[in-house]
Protein chains: 2
Amino acid sequence: MSRSPLVSTPVPEVDSVDEVLALVRARGGRATTARRLLVQALFDHGGHLSAEELAAEVQATSPDIHVSTVYRNLEELERLGVVTHAHLGHGPATFHLATRRHGHLVCEECGTTIEAPLSLFESLSKQASAKLGFAVDPVHSAVMGRCRRCRTR
Amino acid sequence: MSRSPLVSTPVPEVDSVDEVLALVRARGGRATTARRLLVQALFDHGGHLSAEELAAEVQATSPDIHVSTVYRNLEELERLGVVTHAHLGHGPATFHLATRRHGHLVCEECGTTIEAPLSLFESLSKQASAKLGFAVDPVHSAVMGRCRRCRTR
DNA sequence: TTCGATGCAAATAGTTTGCATTCTA
DNA sequence: TAGAATGCAAACTATTTGCATCGAA
(Lines give C-alpha, C1' and ligand atoms only; values in the text may rest on other atoms or scores of the structure.)
Protein backbone atom coordinates (compact mmCIF):
# COMPACT_ATOMS: atom_id res chain seq x y z
CA MET A 1 0.00 0.00 0.00
CA SER A 2 1.49 3.30 -1.09
CA ARG A 3 1.50 6.44 0.93
CA SER A 4 -1.54 8.59 0.22
CA PRO A 5 -0.85 12.06 -1.17
CA LEU A 6 -3.54 13.29 1.22
CA VAL A 7 -1.30 12.77 4.19
CA SER A 8 2.06 13.41 2.54
CA THR A 9 3.02 16.44 4.64
CA PRO A 10 3.64 15.70 8.31
CA VAL A 11 2.29 18.51 10.43
CA PRO A 12 3.86 19.26 13.82
CA GLU A 13 1.47 18.84 16.76
CA VAL A 14 0.86 22.34 17.98
CA ASP A 15 -2.22 23.24 19.97
CA SER A 16 -1.21 26.55 21.46
CA VAL A 17 0.63 29.77 20.79
CA ASP A 18 3.36 28.80 23.22
CA GLU A 19 3.98 25.48 21.51
CA VAL A 20 4.47 27.25 18.21
CA LEU A 21 6.85 29.75 19.78
CA ALA A 22 8.77 26.88 21.36
CA LEU A 23 9.13 25.39 17.90
CA VAL A 24 10.38 28.71 16.60
CA ARG A 25 12.97 28.92 19.37
CA ALA A 26 14.07 25.35 18.79
CA ARG A 27 15.04 26.43 15.30
CA GLY A 28 17.14 29.30 16.60
CA GLY A 29 14.34 31.80 16.05
CA ARG A 30 13.09 34.34 18.54
CA ALA A 31 9.73 34.87 20.21
CA THR A 32 8.91 38.43 19.29
CA THR A 33 5.73 40.41 19.89
CA ALA A 34 4.84 40.37 16.22
CA ARG A 35 5.30 36.63 16.04
CA ARG A 36 3.24 35.98 19.16
CA LEU A 37 0.36 38.19 18.05
CA LEU A 38 0.34 36.69 14.57
CA VAL A 39 0.20 33.14 15.87
CA GLN A 40 -2.52 34.19 18.31
CA ALA A 41 -4.54 35.61 15.41
CA LEU A 42 -4.14 32.36 13.50
CA PHE A 43 -5.44 30.40 16.47
CA ASP A 44 -8.31 32.81 17.08
CA HIS A 45 -9.63 32.94 13.54
CA GLY A 46 -9.87 29.51 12.02
CA GLY A 47 -8.78 30.26 8.50
CA HIS A 48 -9.13 32.15 5.24
CA LEU A 49 -7.37 35.22 6.47
CA SER A 50 -5.20 37.13 4.04
CA ALA A 51 -1.87 38.62 5.09
CA GLU A 52 -3.52 42.03 5.03
CA GLU A 53 -6.33 40.87 7.33
CA LEU A 54 -3.91 39.18 9.69
CA ALA A 55 -1.90 42.39 9.79
CA ALA A 56 -5.03 44.34 10.73
CA GLU A 57 -5.78 41.80 13.43
CA VAL A 58 -2.29 42.14 14.87
CA GLN A 59 -2.32 45.91 14.56
CA ALA A 60 -5.42 46.12 16.73
CA THR A 61 -3.05 45.42 19.61
CA SER A 62 0.26 46.60 18.26
CA PRO A 63 -0.44 49.29 15.66
CA ASP A 64 2.96 49.60 14.09
CA ILE A 65 3.61 46.02 13.19
CA HIS A 66 4.07 46.17 9.45
CA VAL A 67 2.51 43.95 6.75
CA SER A 68 5.95 43.01 5.54
CA THR A 69 6.68 41.59 8.98
CA VAL A 70 3.50 39.55 8.77
CA TYR A 71 4.53 38.21 5.37
CA ARG A 72 7.98 37.33 6.63
CA ASN A 73 6.56 35.57 9.66
CA LEU A 74 4.01 33.65 7.66
CA GLU A 75 6.80 32.47 5.41
CA GLU A 76 8.80 31.35 8.42
CA LEU A 77 5.83 29.60 10.02
CA GLU A 78 5.16 27.88 6.75
CA ARG A 79 8.74 26.63 6.67
CA LEU A 80 8.15 25.21 10.15
CA GLY A 81 5.07 23.44 8.85
CA VAL A 82 2.75 25.30 11.21
CA VAL A 83 0.98 27.38 8.60
CA THR A 84 -0.45 26.67 5.16
CA HIS A 85 -1.53 29.06 2.46
CA ALA A 86 -3.91 28.68 -0.45
CA HIS A 87 -4.42 30.76 -3.58
CA LEU A 88 -8.09 31.53 -4.05
CA GLY A 89 -8.62 32.71 -7.61
CA HIS A 90 -8.45 36.48 -8.02
CA GLY A 91 -7.90 37.59 -4.47
CA PRO A 92 -4.93 37.45 -2.12
CA ALA A 93 -3.59 34.20 -0.69
CA THR A 94 -5.20 33.03 2.55
CA PHE A 95 -3.44 31.47 5.51
CA HIS A 96 -4.44 29.08 8.24
CA LEU A 97 -2.97 26.63 10.71
CA ALA A 98 -1.68 23.52 9.00
CA THR A 99 -3.52 21.34 11.50
CA ARG A 100 -6.82 22.51 10.04
CA ARG A 101 -6.46 20.60 6.79
CA HIS A 102 -9.21 21.16 4.24
CA GLY A 103 -9.73 22.01 0.60
CA HIS A 104 -11.23 25.25 -0.68
CA LEU A 105 -14.27 25.86 -2.83
CA VAL A 106 -14.47 29.44 -4.05
CA CYS A 107 -17.59 31.00 -5.54
CA GLU A 108 -16.76 32.87 -8.74
CA GLU A 109 -19.73 35.10 -8.27
CA CYS A 110 -19.71 36.27 -4.67
CA GLY A 111 -16.17 35.26 -3.69
CA THR A 112 -17.22 33.21 -0.67
CA THR A 113 -14.82 30.48 0.35
CA ILE A 114 -16.17 27.18 1.61
CA GLU A 115 -14.04 24.67 3.46
CA ALA A 116 -14.27 21.26 1.87
CA PRO A 117 -13.47 18.01 3.66
CA LEU A 118 -10.50 16.24 2.12
CA SER A 119 -12.67 13.22 1.37
CA LEU A 120 -14.16 15.11 -1.58
CA PHE A 121 -10.76 15.06 -3.24
CA GLU A 122 -10.09 11.36 -2.85
CA SER A 123 -11.26 10.20 -6.25
CA LEU A 124 -9.55 13.11 -8.00
CA SER A 125 -6.35 12.33 -6.13
CA LYS A 126 -6.41 8.66 -7.01
CA GLN A 127 -7.10 9.26 -10.68
CA ALA A 128 -4.57 12.05 -11.04
CA SER A 129 -1.97 9.83 -9.45
CA ALA A 130 -2.82 6.75 -11.49
CA LYS A 131 -3.26 8.42 -14.85
CA LEU A 132 -0.87 11.35 -14.70
CA GLY A 133 1.55 10.57 -11.90
CA PHE A 134 0.41 13.76 -10.21
CA ALA A 135 0.08 13.93 -6.41
CA VAL A 136 -2.79 16.29 -5.64
CA ASP A 137 -2.44 18.60 -2.65
CA PRO A 138 -6.01 19.65 -1.88
CA VAL A 139 -4.96 21.96 0.92
CA HIS A 140 -3.20 24.45 -1.36
CA SER A 141 -5.84 24.23 -4.00
CA ALA A 142 -8.80 26.37 -4.84
CA VAL A 143 -11.63 24.84 -6.79
CA MET A 144 -13.73 27.50 -8.43
CA GLY A 145 -17.46 27.24 -9.03
CA ARG A 146 -20.75 28.59 -7.82
CA CYS A 147 -22.10 28.42 -4.31
CA ARG A 148 -25.61 27.37 -3.37
CA ARG A 149 -26.90 30.88 -2.82
CA CYS A 150 -25.59 32.23 -6.13
CA ARG A 151 -26.92 29.18 -8.00
CA THR A 152 -30.48 29.55 -6.76
CA ARG A 153 -30.50 33.31 -7.01
CA MET B 1 -31.53 13.66 -14.54
CA SER B 2 -30.21 17.06 -13.60
CA ARG B 3 -27.92 19.17 -15.71
CA SER B 4 -24.29 18.44 -14.95
CA PRO B 5 -22.23 21.39 -13.75
CA LEU B 6 -19.52 20.12 -16.10
CA VAL B 7 -21.43 21.32 -19.15
CA SER B 8 -23.16 24.33 -17.65
CA THR B 9 -21.52 26.95 -19.90
CA PRO B 10 -22.49 26.79 -23.58
CA VAL B 11 -19.52 27.56 -25.78
CA PRO B 12 -19.99 29.12 -29.24
CA GLU B 13 -18.77 26.92 -32.09
CA VAL B 14 -15.72 28.71 -33.42
CA ASP B 15 -13.02 26.90 -35.34
CA SER B 16 -11.18 29.76 -36.97
CA VAL B 17 -9.95 33.29 -36.46
CA ASP B 18 -12.50 34.62 -38.94
CA GLU B 19 -15.40 32.99 -37.15
CA VAL B 20 -14.37 34.65 -33.92
CA LEU B 21 -14.07 38.02 -35.63
CA ALA B 22 -17.49 37.54 -37.19
CA LEU B 23 -18.83 36.97 -33.70
CA VAL B 24 -17.15 40.15 -32.54
CA ARG B 25 -18.69 42.13 -35.40
CA ALA B 26 -22.12 40.63 -34.82
CA ARG B 27 -21.98 42.19 -31.39
CA GLY B 28 -21.12 45.63 -32.75
CA GLY B 29 -17.40 45.17 -32.19
CA ARG B 30 -14.66 45.80 -34.75
CA ALA B 31 -12.08 43.52 -36.31
CA THR B 32 -8.85 45.29 -35.46
CA THR B 33 -5.29 44.20 -36.03
CA ALA B 34 -4.72 43.65 -32.33
CA ARG B 35 -7.84 41.54 -32.06
CA ARG B 36 -6.99 39.44 -35.10
CA LEU B 37 -3.42 38.76 -33.95
CA LEU B 38 -4.53 37.89 -30.44
CA VAL B 39 -7.12 35.40 -31.63
CA GLN B 40 -4.55 33.95 -34.01
CA ALA B 41 -2.13 33.50 -31.10
CA LEU B 42 -4.84 31.74 -29.10
CA PHE B 43 -5.47 29.34 -31.98
CA ASP B 44 -1.76 28.73 -32.56
CA HIS B 45 -0.80 27.98 -28.98
CA GLY B 46 -3.22 25.60 -27.37
CA GLY B 47 -3.35 27.07 -23.91
CA HIS B 48 -1.69 28.17 -20.70
CA LEU B 49 -0.54 31.49 -22.05
CA SER B 50 -0.52 34.48 -19.76
CA ALA B 51 -1.59 37.91 -20.96
CA GLU B 52 2.06 38.91 -20.96
CA GLU B 53 3.02 35.94 -23.12
CA LEU B 54 0.16 36.56 -25.51
CA ALA B 55 1.25 40.19 -25.78
CA ALA B 56 4.78 39.07 -26.67
CA GLU B 57 3.34 36.72 -29.29
CA VAL B 58 1.29 39.49 -30.85
CA GLN B 59 4.16 41.98 -30.62
CA ALA B 60 6.36 39.69 -32.73
CA THR B 61 4.24 40.89 -35.65
CA SER B 62 2.98 44.24 -34.44
CA PRO B 63 5.46 45.60 -31.89
CA ASP B 64 3.46 48.42 -30.42
CA ILE B 65 0.35 46.58 -29.43
CA HIS B 66 0.16 47.17 -25.71
CA VAL B 67 -0.47 44.67 -22.91
CA SER B 68 -3.44 46.69 -21.76
CA THR B 69 -4.99 46.14 -25.19
CA VAL B 70 -4.43 42.42 -24.81
CA TYR B 71 -6.11 42.45 -21.40
CA ARG B 72 -9.06 44.42 -22.76
CA ASN B 73 -9.45 42.06 -25.68
CA LEU B 74 -9.20 38.96 -23.54
CA GLU B 75 -11.93 40.38 -21.35
CA GLU B 76 -14.09 41.02 -24.38
CA LEU B 77 -13.46 37.56 -25.83
CA GLU B 78 -14.32 36.06 -22.49
CA ARG B 79 -17.61 37.95 -22.48
CA LEU B 80 -18.31 36.41 -25.90
CA GLY B 81 -17.61 32.99 -24.45
CA VAL B 82 -14.70 32.35 -26.78
CA VAL B 83 -11.95 32.51 -24.19
CA THR B 84 -11.54 31.12 -20.69
CA HIS B 85 -9.01 31.98 -18.03
CA ALA B 86 -7.71 30.05 -15.07
CA HIS B 87 -5.80 31.15 -11.98
CA LEU B 88 -2.79 28.93 -11.44
CA GLY B 89 -1.51 29.43 -7.92
CA HIS B 90 1.22 32.04 -7.64
CA GLY B 91 1.65 33.10 -11.24
CA PRO B 92 -0.43 35.14 -13.64
CA ALA B 93 -3.77 33.94 -15.00
CA THR B 94 -3.61 31.85 -18.15
CA PHE B 95 -5.94 32.00 -21.11
CA HIS B 96 -7.10 29.55 -23.72
CA LEU B 97 -9.94 28.95 -26.16
CA ALA B 98 -13.13 27.96 -24.38
CA THR B 99 -13.57 25.02 -26.75
CA ARG B 100 -10.55 23.36 -25.22
CA ARG B 101 -12.18 22.53 -21.92
CA HIS B 102 -9.95 20.92 -19.31
CA GLY B 103 -8.92 21.24 -15.70
CA HIS B 104 -5.46 22.29 -14.50
CA LEU B 105 -2.97 20.49 -12.32
CA VAL B 106 -0.13 22.75 -11.24
CA CYS B 107 3.12 21.48 -9.76
CA GLU B 108 4.03 23.48 -6.66
CA GLU B 109 7.67 22.66 -7.15
CA CYS B 110 8.47 23.32 -10.80
CA GLY B 111 5.37 25.27 -11.79
CA THR B 112 4.48 23.03 -14.71
CA THR B 113 0.82 22.99 -15.68
CA ILE B 114 -0.80 19.75 -16.76
CA GLU B 115 -4.12 19.64 -18.57
CA ALA B 116 -6.51 17.28 -16.82
CA PRO B 117 -9.52 15.68 -18.51
CA LEU B 118 -12.79 16.83 -16.97
CA SER B 119 -13.62 13.22 -16.07
CA LEU B 120 -11.17 13.47 -13.16
CA PHE B 121 -13.41 16.06 -11.55
CA GLU B 122 -16.65 14.12 -11.80
CA SER B 123 -16.66 12.61 -8.33
CA LEU B 124 -15.58 15.88 -6.73
CA SER B 125 -18.32 17.71 -8.64
CA LYS B 126 -21.02 15.27 -7.60
CA GLN B 127 -20.04 15.30 -3.95
CA ALA B 128 -19.60 19.07 -3.77
CA SER B 129 -23.02 19.50 -5.30
CA ALA B 130 -24.75 16.92 -3.14
CA LYS B 131 -23.13 17.80 0.17
CA LEU B 132 -22.50 21.53 -0.12
CA GLY B 133 -24.73 22.72 -2.96
CA PHE B 134 -21.61 23.90 -4.74
CA ALA B 135 -21.33 23.61 -8.54
CA VAL B 136 -17.68 22.97 -9.36
CA ASP B 137 -16.22 24.63 -12.44
CA PRO B 138 -13.08 22.61 -13.17
CA VAL B 139 -12.06 24.81 -16.09
CA HIS B 140 -11.33 27.87 -13.96
CA SER B 141 -9.70 25.85 -11.24
CA ALA B 142 -6.16 25.02 -10.44
CA VAL B 143 -5.42 21.98 -8.38
CA MET B 144 -2.00 22.19 -6.80
CA GLY B 145 0.27 19.26 -6.13
CA ARG B 146 3.44 17.62 -7.30
CA CYS B 147 4.13 16.34 -10.80
CA ARG B 148 5.64 12.98 -11.64
CA ARG B 149 9.12 14.30 -12.31
CA CYS B 150 9.34 16.29 -9.07
CA ARG B 151 7.95 13.37 -7.08
CA THR B 152 10.53 10.89 -8.26
CA ARG B 153 13.41 13.34 -8.23
C1' DT C 1 -17.75 60.63 -39.68
C1' DT C 2 -18.94 58.28 -35.76
C1' DC C 3 -17.95 55.66 -31.82
C1' DG C 4 -15.36 51.55 -30.73
C1' DA C 5 -10.52 50.43 -29.96
C1' DT C 6 -5.90 51.70 -29.04
C1' DG C 7 -1.50 53.59 -26.87
C1' DC C 8 0.37 55.44 -23.12
C1' DA C 9 0.82 56.73 -18.47
C1' DA C 10 -0.55 56.33 -14.17
C1' DA C 11 -3.14 53.90 -10.48
C1' DT C 12 -3.97 49.75 -7.99
C1' DA C 13 -3.42 45.30 -5.33
C1' DG C 14 -0.54 41.90 -3.52
C1' DT C 15 3.87 40.68 -2.31
C1' DT C 16 9.00 40.98 -1.83
C1' DT C 17 13.38 43.10 -0.72
C1' DG C 18 17.33 46.23 0.98
C1' DC C 19 18.92 48.50 4.73
C1' DA C 20 19.51 50.85 8.97
C1' DT C 21 17.74 50.12 13.55
C1' DT C 22 15.84 47.53 17.44
C1' DC C 23 15.41 43.91 20.71
C1' DT C 24 15.59 38.91 22.13
C1' DA C 25 18.36 35.30 23.93
C1' DT D 1 26.25 42.05 22.52
C1' DA D 2 25.66 39.13 18.40
C1' DG D 3 22.60 38.19 15.22
C1' DA D 4 17.64 37.62 14.50
C1' DA D 5 13.67 40.43 13.53
C1' DT D 6 11.54 44.72 12.59
C1' DG D 7 9.96 49.22 10.32
C1' DC D 8 9.99 51.71 6.46
C1' DA D 9 10.56 52.76 1.77
C1' DA D 10 11.04 51.24 -2.49
C1' DA D 11 10.84 47.68 -6.05
C1' DC D 12 8.20 44.38 -8.36
C1' DT D 13 4.41 41.66 -10.74
C1' DA D 14 -0.13 41.34 -12.47
C1' DT D 15 -3.86 43.97 -13.74
C1' DT D 16 -7.00 48.00 -14.40
C1' DT D 17 -8.32 52.60 -15.73
C1' DG D 18 -8.53 57.55 -17.59
C1' DC D 19 -7.91 60.08 -21.47
C1' DA D 20 -6.57 61.85 -25.85
C1' DT D 21 -6.07 59.92 -30.36
C1' DC D 22 -6.80 56.72 -34.13
C1' DG D 23 -9.18 53.88 -37.38
C1' DA D 24 -12.87 50.38 -38.92
C1' DA D 25 -17.43 50.34 -40.66
Side-chain angles (χ1 to χ4, degrees), chain A residues 17-18 20-39 48-56 58-59 61-80 83 85-95 106 111 113 140 142, chain B residues 17-18 20-39 48-56 58-59 61-80 83 85-95 106 111 113 140 142:
Chain A
V17 175
D18 288 332
V20 173
L21 294 179
L23 243 178
V24 168
R25 261 186 289 242
R27 284 267 179 124
R30 291 170 187 185
T32 62
T33 313
R35 210 99 89 174
R36 173 170 284 111
L37 288 173
L38 174 60
V39 176
H48 308 148
L49 290 195
S50 67
E52 215 78 46
E53 290 167 334
L54 284 164
V58 158
Q59 284 160 3
T61 303
S62 225
D64 42 38
I65 287 174
H66 210 267
V67 222
S68 66
T69 300
V70 171
Y71 275 108
R72 278 190 275 232
N73 277 318
L74 286 169
E75 203 185 332
E76 173 65 10
L77 291 171
E78 202 147 6
R79 247 195 308 277
L80 291 176
V83 159
H85 76 273
H87 297 279
L88 271 38
H90 291 279
T94 61
F95 298 81
V106 181
T113 300
H140 289 166
Chain B
V17 175
D18 288 333
V20 173
L21 294 180
L23 244 177
V24 167
R25 260 186 291 244
R27 227 200 87 282
R30 292 170 186 184
T32 63
T33 313
R35 209 100 88 174
R36 174 170 283 109
L37 288 173
L38 174 60
V39 177
H48 308 148
L49 290 194
S50 67
E52 213 78 45
E53 290 166 333
L54 284 164
V58 157
Q59 283 160 2
T61 303
S62 225
D64 41 40
I65 286 174
H66 209 267
V67 222
S68 67
T69 300
V70 171
Y71 274 108
R72 278 190 275 231
N73 277 319
L74 286 170
E75 203 185 333
E76 173 65 9
L77 291 171
E78 202 147 6
R79 247 195 307 277
L80 291 175
V83 159
H85 76 274
H87 296 279
L88 270 40
H90 291 279
T94 61
F95 298 82
V106 181
T113 300
H140 289 166

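What you see is a predicted model; the values in this text were computed from it and never measured. Just so we're on the same page: letters track the sequence lines, and every chain starts at 1.
- Going from atom CG of B:L54 over to atom P of D:dA14 covers 13 Å, rounded to whole Å.
- Minimum interatomic distance between A:H85 and A:H140 (heavy atoms only, all atoms of both residues): O-CD2, 3.0 Å.
- Residues A:G89 and A:A142 approach most closely at N-CB, 4.3 Å, considering heavy atoms.
- Residues B:V106 and B:T113 share a closest heavy-atom pair of CG2-OG1, 4.1 Å.
- For A:N73 and D:dG7, the CG to C1' distance is 13 Å, given to the nearest whole Å.
- Boundaries of the chain B contact region on DNA chain C are C:dC3 to C:dC8, first to last in 5' to 3' order (nucleotide atom under 4.0 Å from a heavy atom).
- Taking every heavy atom of both residues into account, B:A51 and B:L74 meet most closely at CB-CD1, 4.1 Å.
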Derivation and outcome, side-chain contact (heavy atoms from CB on, under 4.5 Å), residues A:T69 and A:V58: CA-CA 11 Å; A:T69 300; A:V58 158; over 6 Å; no
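- Between A:E52 and A:R72, it is A:E52 whose nearest contact on DNA chain C lies nearer the 5' terminus.
- One interatomic measurement links the two molecules: CG of B:L88 to C1' of D:dA14, which rounds to 14 Å at whole-angstrom precision.
- If you measure from atom OH of A:Y71 to atom C1' of D:dA5, you get 18 Å, rounded to the nearest angstrom.
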Return the polar atom pairs (N/O with N/O) between nucleotides 21-25 of chain D and the protein under 3.5 Å, or none.
residue: D:dG23; atom: N2; partner: B:R30; partner atom: NH1; Å: 2.5
residue: D:dA24; atom: N3; partner: B:R30; partner atom: NH1; Å: 3.3
residue: D:dA25; atom: OP1; partner: B:R25; partner atom: NH1; Å: 2.9
residue: D:dA25; atom: OP1; partner: B:A31; partner atom: N; Å: 3.4

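- Between B:V67 and B:A55, the shortest heavy-atom distance links the atoms CG1-CB, 4.0 Å.
- Counting any heavy atom pair closer than 4.0 Å across all strands shown, B:S50 reaches no nucleic acid atom.
- The side-chain heavy atoms of A:V39 and A:V24, taken from C-beta on, include no pair separated by under 4.5 Å.
- Listed nucleotides D:dT6, D:dA9, D:dT15 differ in distance to B:A93; the shortest reach to its side chain belongs to D:dT15.
- Legend: side chain to side chain donor-acceptor pair (under 3.5 Å) pairs involving residues 20-36 of chain B, not counting sequence neighbours, sorted by first then second residue: B:R27-B:E76, B:R35-B:N73.
- The CG atom of A:L21 sits 12 Å away from the P atom of D:dA5 (whole-angstrom rounding).
- From B:H48, atom NE2 reaches atom CG of B:L88 across 7.0 Å, with rounding to the nearest 0.5 Å.
- One can place CZ of A:R79 at 13 Å from C1' of D:dA5, the figure rounded to the nearest angstrom.
- Atom pair B:H90:NE2 and D:dT13:C1' shows a separation of 13 Å (rounding to whole Å applied).
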